[in-house]
Structures are given as C-alpha cells and as structure tokens.
Amino acid sequence: MATSVTEPEPPAVTDVYDRAATAETAIGNLSLGDRCDLLGDLRLTIVEERDRILDAVQEETNMDRMNALVTMVAVLDHIRYLERNAESILGDETVNTPMTLMGKESRIYYEPLGTVLIIAPWNYPFYQAIIPITSAFVSGNAVVYKPSEHTPMEGLFESLFETAGFDDDWVQLVYGGGETGQRLLEGDPDKISFTGSTATGRQIASEAAESLTPVQLELGGNDPAIVFEDATIGRTARGIVWGAFTHSGQACIAVERLFVQASIAEEFAAELVAHVDQLEQDPSGGRGCDMGCMTTDFQVETVREHVEDAKAKGGTVLTGEDWDGESTEIPPIIIGEATEEMAVATDETFGPVLPIFEFESESEAIERANDTRYGLSASVWSGDTDRADRVARQIEAGSVCINDVIVNQGSPALPFGGTKDSGFGRYKGADGLKAFCETKSILADDDAGTNPYWYPHDEHKYELFEAVIESRFGQGHASLPRFMLAGLKLNRYTDSLHAESLRD
Ligand code: NAD
C-alpha cells in the first residue's frame, strides 16, 4: 500500500542545490560517451535487480506484477535508445549556411542546462523516475529528483545508481510532499520537469514564470478511444479492456472515454463485458493475474464519486456493480448509456471506469473526442488505415495510437507529452533529449573572409546589395551565375572600402 514520508527541513533542501552545483562540474568532465556507458551499467543493474525493483513497485502501488514487469521493458528500451542515440542526437551539428553568408559555418551545440529538478507522481514510480532522470543526466545535467510522497520507494534509486557507478551527487533524491516540492522550486533549478496533476502543474508554471525557469509539464488526461464499425471487434475489445483497466486505470494515458460507432455498439459492449468477466483480479498482484488494486484512498474516493454521478445521471453499470464503493480492490466498471454531462466524461477519473458513448459519423466522433480540456493521448481503431490516420491527425492530443493503446509509451523514439490542459513540452525521443539542453548556435568565420554587412556603408554598396537580392531571390531573374557575380562585386567593393578605412 502507498506509504508516505515526512517533509525534510529547509536547510536540507539548500544543501541539495550546493551539492548539485558541484556535481554539474563533475558531470561536465564526463564525455557524452562516458555518460552513455554509465547508462549501460544502469541498464544492467536494473536487469540484475529487477525482482527487488518490482517488489518495491508493487509494495507501494498495488499494481499487478505483469504490469510492473512490462513497464520495466519500456524503461529498459528507453535506456538502450539513449545509449545508442544520445551521441548522434546531442553531438555537435553543422547546419546549412545561406550563400549570402558564404565562407562562414553554422553549428549547433547542445549544452547541459545545469541542475534539473524532476517532480513525479505516484502511479508509475519506477518509470516516472528513470525516464526523465536518464534523459536529463545523459544530456549532462545534475539531477534533483522528488518522488511522490505516496510512493517514495526510499533508498531504491540511490542503491541502483550507486551500483551503476554514479557519484552520490549526480542524481539526488529528496523525499517529501508538496511542501518539499515548493522548497525545491525556490532553490532555483535550471529547469523543472513536472509530471502530475493539472492543478499542481498550473501552480508550478506560474511560479516558474516569476524566475523565468524553463518548465515542462506532463499533466492529466481524459483519453478518448474511437472504435469504428470496421474494426476487428474481438481484438479491439481486448485492446480497449487492457487500455482502460491496466493498473486499475491509474495510467495517465488509460482509456477514459470510449466512443463506439452506433451500428456495432451493442455487440461491442457485449464483447467488452465478456472479456472483463474473464479478468482475474488479485489484491496481492500475483505474477499471473490481470489486475491488482488501487494505490491511494483518495483516488478510490474519486472513483466512487464518478460512478455515483454516472448512475445518478442515467448511466447503466454493465460490470462491477458489486463494488462496495470503499474497497481499494475496485473491479473493472463499464458504464453504458454514458452522457457528456457526467463527471466520467468531463474529468479524469484515474480509476478502472470505462464509460461508453455512441456516435454515428466520423466527424461527430472527432468532435466529441476533442470536446475536453485535456489533450494527452488517444486511440483510433479501424480496419481502414487511411481513415484511422485521417482521424488521428484531427485528434487534439500529443500522441495517438492506431489499433493499439498505451504502447506509444514503449516506443522511446516517440516524443511524449500533451496539449491543452495536459501540459506542454515533450520528453523522450530526440525532442525530449534536446529539451534538457541549452541549444547554442555558433556562426563561425575563419578570420579571413570579408563581411559586407560591416561599416562603412555608402550608396554604391547599397546598389550592390540590391543586385544580390534580385539575382538570388527575384522572380524570373534569379540565377546562380548572376548571384555569384553580384556577390563577388559586393565583396570586392567591401574589401576596397575596408582597405581605404584602414589607410585613413
Ligand atoms: P500531484 O499533482 O498531486 O503530485 C505530483 C507531484 O507534485 C508529487 O510529487 C507531489 O508531492 C508534488 N507536489 C504537489 N504539490 C506541489 C507543489 N505545490 N509544488 C511542488 N510540488 C508539488 O499529482 P499525483 O496525484 O501525484 O499524480 C496523478 C496525476 O498525474 C494524474 O492527473 C495523472 O494523469 C498525472 N500523470 C501524468 C503523466 C503524464 O505523463 N502526462 C504521467 C503520470 C501521471
């Protein structure tokens, strides 16, 4: 069951940033290759220590063992992706320089930001820690990591990083709740990577605005799944059941709203119920079971409120009617005849509740799926892959799965993040890695070429610049030889002006 920790005293938090500042230098002395090697050692440590990690995850979250295990696969794939790609993504880049700046070179360097503060939620405490920590570290940053007070897994990460060969200060763990999070924000990190609720994210963004600290927000979701009549019914129902009930629905990209085309709605609902009837729920989350139970009491309360609300507004409970409204062992609850006035439609339930809405046309499905303040992720299910792609493009979300669900999280080259009230910024993929860097642009000359932009200016130089514009960019007149000639004349004239001004 979820545990909790006491808030540390303020001086402890100040000390964290002093140590991180020292770590920044030490990490800066490591090459990108060295940092990738360390990640390789971390990967091996995780594989070696997997049972201890999975025990800790289960102990604190109550998730089933299989879910904890498959989440670990996504973590390991992410680390391997960084090992193989970080050097090419973050290595110095030479980019195109326009011919109007001939003789110069344009380069991009990806430099560490300094110290990155990562604040995490309670639902996937291993995944939510390792993914951003490794991304920030391989980019050359010192890391301060605050897990949720509900799933701190105290001591676990320290021992994993130590075994993998990390120095103590490179990745520091700070335990505590919102108060500690606040103090860490006031410690002036160089970037904040926050994953959690929209309400807290909003507060953090407004505080970060005061100090102009870059912030990345991975917030709540209310993901739609759209099922068209040409989808393979049995397969799709199996996917939706998993997408809605894995980790008892406590995944930010769990299916929270199911839109089914009216022509198959009855058959599809029956298929969902049949699959749910086969699920095995085990509070101890044994290796072969399908579901464990809820992590926190407050989330159980949210589920109870949403189910009560749905019933009061005319919803029919197709599965899970026997839940007493209190036990953390909430069975999968499917709600038929759902309407958009219900809390299950408007708010994030973050529990094993699946409301079904019926639609007639493609445009109606898109409009209703987008009728939410959230925009984290979505799934589209159809045998017509052109249609699925067309719909995916119109969904307002950071990610869309086609004929699958949630597994976008397992593809480490895909950037992940949301839009609307689900936040902004991306982590994972090349974009996500660069997000932990300062992008520095270099424009370099070899100290030989002339620069007509420099003083002195005069009327003739103006005319020569006009000739450059016409020959390079003008309609019908642009041609390379004319441009080269115009450029040559301009450069020669500039050289003569510079030589003259030196003589003066
Ligand atoms: P939460 O916002 O209550 O807490 C998240 C973290 O913020 C915790 O570590 C908490 O201690 C800290 N915190 C709370 N108040 C703070 C403050 N004022 N200043 C600094 N830190 C503070 O969220 P939660 O209940 O832990 O997580 C559940 C939410 O997270 C859900 O909405 C879920 O959708 C979302 N989530 C999003 C993603 C994503 O990638 N978008 C992933 C997982 C979970």
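Order of listing sets the numbers, starting from 1, for every ligand and every atom in it. None of these values were measured; they are calculated from a predicted model.
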Is the shortest side-chain N to carboxylate O distance from [X] to [Y] below 4.0 Å?
X	Y	result
Lys311	Glu321	yes
Arg390	Glu362	yes
Asp55	Arg65	yes
Asp64	Arg287	no
Arg304	Glu326	no

**Report entry** Nearest neighbour of atom 10 (C) of ligand 1 from the list Glu149, Glu256, Gln250, Arg202, on a heavy-atom basis
**Finding:** Glu149
Query raised in the report: Looking only at non-hydrogen atoms, which of Gln182, Gln299, Arg183 approaches atom 17 (C) of ligand 1 most closely?
Result: Gln182
Give yes or no for whether the N/O distance cutoff of 3.5 Å, strictly under, is met between [X] and ligand 1.
X	value
Tyr427	no
Gly196	yes
Lys146	yes
Glu348	yes
Ser197	yes
Ser422	no
Asn123	no
Leu219	yes

Query raised in the report: So does Glu301 have more than 12 non-hydrogen atoms from other groups sitting under 6.0 Å from CD?
Result: yes
Side chains of [X] and [Y]: is there a donor and an acceptor less than 3.5 Å apart?
X	Y	answer
His78	Ser135	yes
Tyr124	Asn67	yes
Glu438	Tyr110	no

Specify the protein heavy atom at minimum distance from [atom]: its residue, its atom name, and the distance to 0.1 Å.
atom	value
atom 27 (O) of ligand 1	Pro121 CB, 3.2 Å
atom 43 (C) of ligand 1	Gln128 NE2, 3.2 Å
atom 9 (O) of ligand 1	Ala120 O, 2.7 Å
atom 15 (N) of ligand 1	Thr200 CG2, 3.4 Å
atom 36 (N) of ligand 1	Cys252 CB, 3.6 Å
atom 12 (C) of ligand 1	Ile119 CG2, 3.7 Å
atom 40 (O) of ligand 1	Phe416 CE2, 3.3 Å
atom 26 (O) of ligand 1	Trp122 CD1, 3.0 Å

As an exercise, identify every atom of ligand 1 less than 4.0 angstrom from a heavy atom of [X].
X	result
Gly177	11 (O)
Thr195	5 (C), 37 (C), 38 (C), 39 (C), 40 (O), 42 (C), 43 (C)
Phe194	2 (O), 5 (C), 6 (C), 7 (O)
Ile204	20 (C)
Ser148	9 (O)
Gln203	18 (N)

Residue portion contacting ligand 1 (non-hydrogen atoms closer than 4.0 Å) for [X]:
X	answer
Pro147	backbone
Leu376	side chain
Thr180	neither

Query raised in the report: Distance under 6.0 Å and angle within 45° of the ring axis: does Arg368 meet both against Phe359?
Result: no
**Report entry** Proximity of Phe436 and Phe137 rings by center, below 6.0 Å
**Finding:** no
Requested in this report: Would you please indicate if the ring centroids of Phe350 and Trp122 are separated by under 6.0 Å?
Outcome: yes
Test item, [X] contacting ligand 1 (heavy atom, 4.0 angstrom):
X	result
Gly418	no
His150	no
Tyr124	no

What is the minimum heavy-atom distance between [X] and [Y], and which atoms define it?
X	Y	value
His306	Ala343	CD2-CB, 3.7 Å
Gly201	Leu219	CA-CD2, 3.8 Å
Val380	Ala388	CG1-CA, 3.9 Å

**Report entry** Whether Phe357 and Phe259 hold their rings parallel, tilted or perpendicular, with breakpoints at 30° and 60°
**Finding:** parallel
Report task. Answer yes or no: is there a donor N or O on one side and an acceptor on the other, between the side chain of Lys313 and the main chain of Glu340, under 3.5 Å? Result -> no
